Amino acid sequence: MPAVSVENLLLIPRINEVDEATAKPRRVTSVTTAPKGYEGEGFPVRRAFQGVEMAKLDPFVHMDQMGEVDYAPGEPKGTPWHPHRGFETVTYMIDGIFVHHDSTGGGGVIQNGATQWMTAGAGILHIETPPEELVVNGGLFHGIQLWVNLPSRSKWSTPRYQGLEPNDVELLASPDAGALIRVVAGEVDGHRGPGSTQTPINFLHVSIEPGARVRINWPRNFNALVYVLSGQGVVGAERASISTGRLAVLEGGDYVEVANAVEHAEEKLEILILGGEPIREPVAWAGPFVMNTRREIEQAFEDYQRGKMGVIPPQYTFSAPNS
Ligand code: MN
């Protein structure tokens with residue numbers, strides 16, 4: 001169960017009912033299945049956006065569901081040191097812990113419902129690892145890493161972080177209290193999440209009870225993506241089937257509708273609903289860099305090699321003893 005949960009949904013603020021007389025549901029234009037792979041030094045991921053054209057994802061670029069995995073002792077893995085430039089990495093830890101360090105000497109812990117919103121901007125090096133205690137003992141690891149593009153005017157900005165703590169997340173219920181809506185960034189019916197974004201974006205994690213449905217008013221100028229973390233459901237005007245690891249792209253309409261297709265079991269439908277105002281600029285993406293032109297990508301690789309995005313701080317350059 002997600003670390004940020006609510007015992008009694010009747011006690012938190014509700015989102016509005018949609019206006020059935022005038023509002024139309026968004027329609028599903030594609031449903032794709034995220035292939036499984038491995039990231040960094042070998043932690044399991046699902047590539048949520050694979051198979052969807054970039055223009056439909058805009059302003060998002062890439063998303064990995066990390067886990068969900070219950071590690072045995074010795075199994076937890078992270079990433080080596082690597083650079084980023086030209087976009088933001090958003091790491092949302094649903095359950096478990098990730099530790100990070102960066103080339104400015106900064107670092108911290110992201111755990112159990114916290115989000116790290118990193119604006120890589122002009123460039124930064126970082127490393128993401130499980131803490132020693134998790135490596136030794138094993139444990140639950142489940143999170144999201146979302147890449148949010150930056151408009152050209154912001155690609156050369158100074159790197160910065162926002163640490164969003166579990167208690168900062170805006171918690172809302174559907175009108176019949178059948179769904180919990182966590183607003184990490186953006187807003188629903190005037191209820192605003194803690195994340196500050198460079199362009200307008202909604203980032204929601206929604207848990208829908210068996211047999212329940214949710215209808216969320218959605219800005220007309222935002223794209224809309226529904227990704228299933230776990231469970232089975234139906235989405236959009238045509239009630240398209242979705243299940244674990246599937247992504248629905250929705251267009252048109254005034255609200256996003258999702259229902260849990262399981263009526264009698266205990267299984268909640270856990271989904272992310274993402275959307276934003278498209279940036280509509282050319283995207284040149286290679287490895288850890290997201291720029292506007294091929295030339296800027298070449299420059300990024302050159303600048304990285306020359307240490308212009310920073311270097312690994314000396315305290316981390318000694319190799320760790322074999323465990
Ligand atoms: Mn990274």
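We count ligands from 1, going down the list as the structure has it; atoms in each ligand are counted the same way. The basis for the numbers below is simple: all heavy atoms, side chains too, and nothing from hydrogens, waters or symmetry mates. Small disclaimer: the values here were computed from a predicted structure and weren't measured.
Under the 4.5 Å side-chain criterion, counting only non-hydrogen atoms from C-beta, Val235 is in contact with Val28.
The side chain to side chain donor-acceptor pair (under 3.5 Å) test with Glu39 is passed by exactly one of Gln145, Lys77, Arg47: Arg47.
Listed by chain and residue number, the protein N/O/S atoms under 2.8 Å of the Mn ion (ligand 1) are His82 NE2, His84 NE2, His126 NE2, with waters left out.
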*For His82 and His126, what are the C-alpha separation, side-chain angles and deciding distance, and is it a side-chain hydrogen bond (donor to acceptor under 3.5 Å, both in side chains)?*
CA-CA 6 Å; His82 60 278; His126 75 164; 3.0 Å; yes
Practice item. Dump the intermediate steps for ring-ring contact (aromatic ring centres under 6.0 Å, His included) on Tyr227 and Phe49, then the final yes or no. Key: CA-CA 9 Å; Tyr227 177 73; Phe49 292 169; 7.8 Å; no
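Taking CG of Leu146 as the start and CD1 of Ile144 as the end, the distance is 8.0 Å to the nearest 0.5 Å.
Side-chain atoms of Ser207 and Arg182 include a donor-acceptor pair closer than 3.5 Å.
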